[in-house]
Amino acid sequence: MAAVKYISREKLPEWLKALAAERRLLVPVEEGGAVVFRAYDPAKAPVFGSDATAPPKGSVFPASKELFSYTYGKEGEDAKPTLTLDPKTTAEPTVVFGSKPCGARGFLIFDRVYMGKKFPDPYYIAAREATVFVTMACDTVENTCFCHWVGSGPADPAGSDLLLTPVAGGWLVEAVSAKGEPLLASPALTDGAAKAAEAEEVKAKTRAALGEAPDISTSKEALLARFDDMDFWRDQSDKCISCGACTYLCPTCYCFSITDEGSGMSGKRLRSWDACMHFQFTLEASGHNPRPTKAHRLKNRVGHKFSYYPTLHDGLIACCGCGRCVKSCPVSVDIREIVQNAVAKAKA
Amino acid sequence: MSEPFNPYLPEVATILETVQETHNIMTFRVRFDDEAKMAAFKFGPGQVGQLSAAGIGEATFVINSPPTRMDYLQFSVMRTGEVTAKLHNLVAGDKVGVRAPLGKPFPVEDLKGKDIVFVGGGIGMAPLRTLFLYMLDNRADFGKIRLLYGARSPLDMAFSAELPEWTSRTDIETTLTIDREADGWEHKVGLIPNVLLEMAPKAENCVAITCGPPIMIKFTLEALKKLEFPDEQILTTLEKRMKCGIGICGRCNIGSSYVCVDGPVYTYAQLKALPNEL
Ligand SMILES: Cc1cc2nc3c(=O)[nH]c(=O)nc-3n(C[C@H](O)[C@H](O)[C@H](O)COP(=O)(O)OP(=O)(O)OC[C@H]3O[C@@H](n4cnc5c(N)ncnc54)[C@H](O)[C@@H]3O)c2cc1C
Ligand code: SF4
Ligand code: SF4
Ligand code: FES
């Protein structure tokens with residue numbers, strides 16, 4: 001167990017600058033009224049107080065990523081066509097600094113899918129291995145937070161490498177993975193043993209502020225029991241405008257599309273975030289769509305996170321309770337209510 | 001150090017030959033450029049591939065040639081949208097990309113010793129063709145083999161070059177049908193499920209394998225139930241929209257079953273156990 005360290009507010013820029021010198025450093029900053037993760041700029045103060053509007057999902061899983069480039073050519077006397085494919089699976093060493101635990105935990109959900117045994121995803125694995133998460137435990141909670149419903153919490157280290165806990169004057173710094181330890185070597189950090197007790201208090205106080213979690217342990221079966229109850233789903237999705245904001249802002253939504261982009265003899269194949277809340281997502285060639293209405297699609301989004309995924313992955317819920325989809329939905333669709341309604345119906 | 005396996009990177013292949021099967025179905029016969037990879041390539045009947053032309057995009061097609069005939073891999077592509085329309089412009093000598101094999105094959109071992117009735121409609125004949133030819137190439141391993149293949153009209157019948165052989169072989173029983181009378185048509189006229197009821201295959205020790213448009217599947221299943229086929233003795237292959245083909249992109253699920261890795265071949269019993277979202 002590495003020693004606990006302390007970083008003061010005053011020394012933080014020094015640490016950030018040192019980190020940024022060696023690799024890509026992403027921090028939450030304000031941009032156009034939202035807080036998003038961007039490359040560190042010493043002239044721009046990071047926003048560490050509240051949770052970022054968008055999670056650091058793009059650090060490991062960019063909104064659009066080149067799978068390979070291609071070039072057509074001709075060779076030989078008879079000008080035979082050739083095709084060369086050039087994949088780039090390497091990833092830039094990165095530190096994501098200042099995400100809340102829920103933002104980092106999202107990658108746990110990704111890991112099970114992208115680091116599976118049968119088809120491990122080389123792009124994801126390279127980026128995941130090259131990225132270190134320096135996460136900040138929460139000292140305040142919002143009314144949209146429900147990490148404690150899904151087996152997480154405001155100081156959850158799962159998915160992170162260093163955990164920072166706010167204390168008077170700065171942060172306690174703990175390594176929570178072997179990958180995080182080398183970052184503790186910075187001279188900007190001092191011994192943190194004296195602050196450890198205070199940090200524990202902050203953690204306990206924040207957890208207490210979230211209150212009791214309702215019992216949603218039957219969500220797997222409860223949602224399946226509602227599968228054919230389209231009246232229920234029409235009701236739950238009544239307000240939804242199928243904008244997809246909930247999926248794009250979700251730290252655990254991992255679906256993508258594959259498309260080609262090119263002109264003339266060369267171009268690239270891309271993979272880009274996609275959203276199951278859109279009609280086109282499952283539209284088939286015949287015109288048939290197994291999820292023709294927003295009710296079918298919301299059913300899939302909630303069902304995937306609280307039923308199908310946990311069925312496949314040892315009960316792990318594919319939602320980290322960050323509340324982003326609740327906060328950012330233009331019409332206030334609330335995933336917590338939907339899950340609770342399904343659970344309540346199954347009990348009734 | 002060698003690169004880790006990249007499931008998104010297609011094998012570059014060359015089109016050896018194209019066959020215009022119908023006005024909207026074109027067959028492509030391709031071989032990997034890397035001969036060592038072609039020689040090592042293994043798949044089971046029913047497995048699919050992502051066929052692409054760089055710049056055009058990828059789409060999913062069953063490898064409809066059997067693993068017993070490895071001179072080339074055959075894909076038959078119905079023109080339905082952007083990617084398929086552009087694939088139709090390709091000619092022999094052009095390069096394509098192939099990601100294969102994907103998905104699970106038909107349970108060939110379980111089928112040995114059984115009577116088989118194939119029921120294919122339209123392009124749905126493609127996934128049946130690979131298994132059908134595999135069985136012909138291993139004829140002694142299977143019992144009675146019957147094929148019912150239907151299309152809208154004679155002109156909509158793919159694989160027409162092979163039909164004379166299929167209908168004249170005496171070790172199998174082939175029935176062809178079209179929806180409406182047409183000049184010069186010497187085979188059956190009638191909808192597939194009705195013709196199937198007329199054929200009345202016995203369910204005992206028999207497995208029915210069906211693929212086709214959703215409406216045909218629906219009525220074929222009803223017919224098979226009338227003929228008292230148990231759910232476990234009905235196999236079908238599903239078509240869901242796919243992208244990655246490797247269980248990651250999240251597009252093809254029915255509840256917690258991913259058609260691209262857990263399917264596309266399912267027994268009717270398995271399908272009934274899944275949430276109802278076909
Ligand atoms: C397991 C499997 C095996 C298949 N085998 C064959 C085959 O042997 N021969 C054949 O002709 N077709 C087959 N298909 C269907 C084929 O994949 C689609 O027709 C094709 O992807 C349409 O692509 P497109 O780009 O031309 O259409 P697009 O321009 O993308 O769109 C046209 C329509 O096709 C839909 N679509 C896109 N991809 C698929 C897809 N994979 N499945 C269903 N709809 C899709 C779109 O939603 C859209 O509505 C198979 C599909 C699956 C899933
Ligand atoms: S953010 Fe709200 S309105 Fe938009 S797709 Fe999600 S649930 Fe529907
Ligand atoms: S579903 Fe909503 S609350 Fe759960 S992780 Fe995604 S955005 Fe956060
Ligand atoms: S096609 Fe991507 S998960 Fe099945």
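Throughout, a chain's letter reflects where its sequence line sits, starting with A, and its residues are numbered from 1. The figures here come from the full heavy-atom set of this structure, side chains too, leaving out hydrogens, waters and symmetry mates.
- Atoms NZ and CZ, from B/Lys243 and A/Arg271 in turn, are 13.5 Å apart once rounded to the nearest 0.5 Å.
- Taking 4.0 Å as the cut-off between side-chain N and carboxylate O, B/Arg251 and A/Asp274 count as a salt-bridged pair.
- Among B/Asn253, B/Val83, B/Val96, the residue making the largest number of heavy-atom pairs under 4.5 Å with chain A is B/Asn253.
- Smallest separation of non-hydrogen atoms from A/Leu83 and B/Ala54: CD1-CB, 4.1 Å.
- Taking chain A as the reference chain and counting heavy-atom pairs below 4.5 Å, the highest number among B/Ser52, B/Pro214, B/Gly97 is found for B/Ser52.
- Annotation for B/Lys225: atom NZ counts as buried by contact number, over 12 foreign heavy atoms lying within 6.0 Å.
- The most heavy-atom pairs under 4.5 Å with chain B, out of A/Arg291, A/His296, A/His288, come from A/Arg291.
- Here B/Lys86 contributes atom NZ and A/Asp260 contributes atom CG; the two are 9.0 Å apart, rounded to the nearest 0.5 Å.
- When each of A/Phe119, A/Tyr114, A/Tyr123 is paired with B/Tyr8, the ring pair (Phe, Tyr, Trp, His ring centres under 6.0 Å) condition holds for A/Tyr123 and for no other.
- Residue A/Lys65 qualifies as enclosed at atom NZ: its count of foreign heavy atoms under 6.0 Å is above 12.
- Here A/Asp121 is the residue among A/Thr84, A/Thr71, A/Asp121 with the most heavy-atom pairs under 4.5 Å with chain B.
- The choice from B/Thr14, B/Val261, B/Asn6 that makes the most heavy-atom pairs within less than 4.5 Å of chain A is B/Asn6.
- Residue A/Ser307: no heavy atom, backbone or side chain, is found under 4.5 Å from chain B.
- Of the two parts of A/Phe68, only the side chain, counted from C-beta on, holds a non-hydrogen atom closer than 4.5 Å to a non-hydrogen atom of chain B.
- With chain A as the partner, the residue from B/Cys249, B/Ser257, B/Cys252, B/Gly93 showing the most heavy-atom pairs under 4.5 Å is B/Cys249.
- Heavy-atom distances place no part of A/Tyr124 under 4.5 Å from chain B, backbone and side chain included.
- Heavy-atom distances place no part of A/Asn289 under 4.5 Å from chain B, backbone and side chain included.
- Separating the CZ atom in B/Arg241 from the OG atom in A/Ser257 is a distance of 6.5 Å, to the nearest 0.5 Å.
- The closest side-chain heavy-atom distance from A/Pro120 to B/Pro7 is not below 4.5 Å.
- Both the backbone and the side chain of B/Pro10 come within contact range of chain A, judged by heavy atoms closer than 4.5 Å.
- Neither the backbone nor the side chain of B/Ala13 comes within contact range of chain A; no heavy atoms are under 4.5 Å apart.
- Between the CG atom of B/Leu278 and the CD atom of A/Glu284 there is a distance of 9.0 Å, given to the nearest 0.5 Å.
- Nearest approach of A/Ile258 to B/Arg99, heavy atoms of both residues: CD1-NH2, 4.2 Å.
- Other residues, nucleotides and ligands place more than 12 heavy atoms under 6.0 Å from the NZ atom of A/Lys88.
- In terms of heavy-atom proximity, A/Phe227 sits nearest to B/Asn276 at CE2-O, 3.4 Å.
- B/Ile254 does not touch chain A: none of its heavy atoms, backbone or side chain, sits under 4.5 Å away.
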What's the verdict on side-chain contact (heavy atoms from CB on, under 4.5 Å) for B/Tyr258 and A/Leu312, showing C-alpha distance, side-chain angles and the deciding distance?
CA-CA 11 Å; B/Tyr258 284 77; A/Leu312 294 173; 3.8 Å; yes

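- Atom OH of residue A/Tyr309 and atom OG of residue B/Ser256 lie 13.0 Å apart, to the nearest 0.5 angstrom.
- Summarising the geometry of B/Gly55 relative to A/Tyr70, their closest heavy-atom pair is CA-OH, 2.9 Å, with the distance given to 0.1 Å.
- In this structure, the portion of A/Lys299 lying under 4.5 Å from any heavy atom of chain B is its side chain and not its backbone.
- The number of heavy atoms from other shown groups lying within 6.0 Å of CD (B/Glu82) does not exceed 12.
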Determine whether A/Arg269 and B/Glu58 satisfy the following criterion, side-chain contact (heavy atoms from CB on, under 4.5 Å), listing intermediate values before the conclusion.
CA-CA 10 Å; A/Arg269 181 158 294 165; B/Glu58 284 189 314; 3.3 Å; yes

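- By the 4.5 Å heavy-atom criterion applied to side chains, B/Pro275 and A/Leu224 are counted as neighbours.
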